[in-house]
Number of protein chains: 2
Amino acid sequence: MTVPDRLPESDQRPARAPRSTETVYARLKQQILDNRYPPGAQILESEVATELNASRTPVREAFVRLQQDGLLEIVPRHGVRISALSPDDMREIYEVLMSLEPTAVELLAARRPDRTELASLIEACDAMEAALQGEPDLHAWAAADESFHLNLARLCGNKRLAAMIMQVWDQAHRARMFTLSLRPLPIKSTAEHRAVVEAILAGNCERARDLYFIHRKRGGHELTAIIERHGIQRL
Amino acid sequence: MTVPDRLPESDQRPARAPRSTETVYARLKQQILDNRYPPGAQILESEVATELNASRTPVREAFVRLQQDGLLEIVPRHGVRISALSPDDMREIYEVLMSLEPTAVELLAARRPDRTELASLIEACDAMEAALQGEPDLHAWAAADESFHLNLARLCGNKRLAAMIMQVWDQAHRARMFTLSLRPLPIKSTAEHRAVVEAILAGNCERARDLYFIHRKRGGHELTAIIERHGIQRL
DNA sequence: GTGCGCATCAACGTATACGTTATTGGACGC
DNA sequence: GCGTCCAATAACGTATACGTTGATGCGCAC
């Protein structure tokens, strides 16, 4: 162990060979989110390794990261199991989001951003509205919704907060996709997003926070209602 | 026929061999929190491996987990560097805690727990008060403080929320220890903890949440004031 | 037919080997 | 003297080998 006098400056390197671990992690995560590995599925290290043309070592490393992301569980000597969300898990996730996301909105609003800085949010609102014009395109709407929330997290100026929001957001991704066609048309939700952006632009932190909290709370209620109505136990 | 979950308490059956990865992770984490590896320090996989009598494989796995905990950074081809907290990191951490911990208090209060359920919190309050009687024992106080907050996270009934609180709490551990002797005697802080417990017992969710928020906010201000006053850039 | 026990095996957990890359020190030229 | 280039080396990233463990299936006893 050495303690350098100065921290090494973060110089940008020209080109860096992409690490296998990174590829495996990204692709596995994508496949889990896309439901290609359904919840409850058991996966073997060697299967993934051969499928992704890698050895078990980077696969294991990716598994460890995905476990901390809450997307799978490593069961010793049994391989890994893709996490399934119970209704109770959904409650937890929405409680966390109801805490973190309004805070993110408040922090963002307090910085008094102009329209330029909020471009990604405004575009997402536009895209949500466009997706509901005429024949509704629910997947386009969901993509815009996701973009809105991820950009909100990014813009809040707190990397830890952003990372935490994205983490639980990813955990709930499959559930959102699943309930997408079961919920009422998200017209109100779309309007709420727009209202939050306007409140931020108006510099009204309190209002932005409250609007967002209500939005999140309603979304959570809608989701849990669907889950209960359909008696879904695992997703 | 199902096998009992728990092994017999007598040591007739040897306990399941703990995995090396787990040991390495736990010991490394402890050493980082105890400041045995100071912030900014560069560590080599092979050093840790020989020191802990393990091979590089479990060490790498522990590194990956510790990186996601935010306690170190893996710099490709350069080993790992123990994370150093900037004043900005402290801001981030306290913003997160100011969001999550009041939520945890509110959730706990909403469950209307009795004194028995809150025993660990009450004991922590007692311990904090005891540590300030006569000659103040700051380390004992800090341990009780830590116990209070971790138990609060545990009791709130939301595992994800608890894990997130503990994660950032650990990140700030060294900073708290460092500033322990620089801050005023935590008499007020101790009283605030007690007040929160009383509000929870009284079933007053709003009050419990608000009290806690104020407590956390004051703690954050104290810490940042110390950091600024001493011109600390990295800790 | 049922249940217990042993053997076989599959998959993991860990160790180690190998190739790659970035750094460092020295030599050479200016 | 100083800067540049090259070679040696250290450390990582990945692959692979090895031992361990829990599971599965078959046979035998009852």
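A note on names: the letters A, B, ... follow the listed sequences, proteins ahead of strands, and every chain is numbered from 1.
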Sugar-phosphate atoms are those with a prime plus P, OP1 and OP2; base atoms are the rest. Using that split, label each nucleotide of nucleotides 12-18 of chain D B, S or - for protein heavy atoms under 4.0 Å, 5' to 3'.
BBBBBB-

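A salt bridge does not link A/Arg112 to A/Glu117: none of the charged side-chain nitrogens sits closer than 4.0 Å to a carboxylate oxygen. For B/Glu101 and B/Lys217, the salt-bridge test fails: no basic side-chain N is under 4.0 Å from an acidic carboxylate O.
For the side chain to side chain contact (heavy atoms under 4.5 Å, CB included) test, residues two or more places apart in sequence or in another chain that qualify with A/Arg27 are A/Thr23, A/Leu52. The side-chain hydrogen bond (donor to acceptor under 3.5 Å, both in side chains) search around A/Arg91 returns A/Asp88, A/Glu95, not counting sequence neighbours.
Of the options A/Gln30, A/Gln31, A/Arg36, a side-chain hydrogen bond (donor to acceptor under 3.5 Å, both in side chains) to A/Asp34 is made by A/Gln30 and by none of the others.
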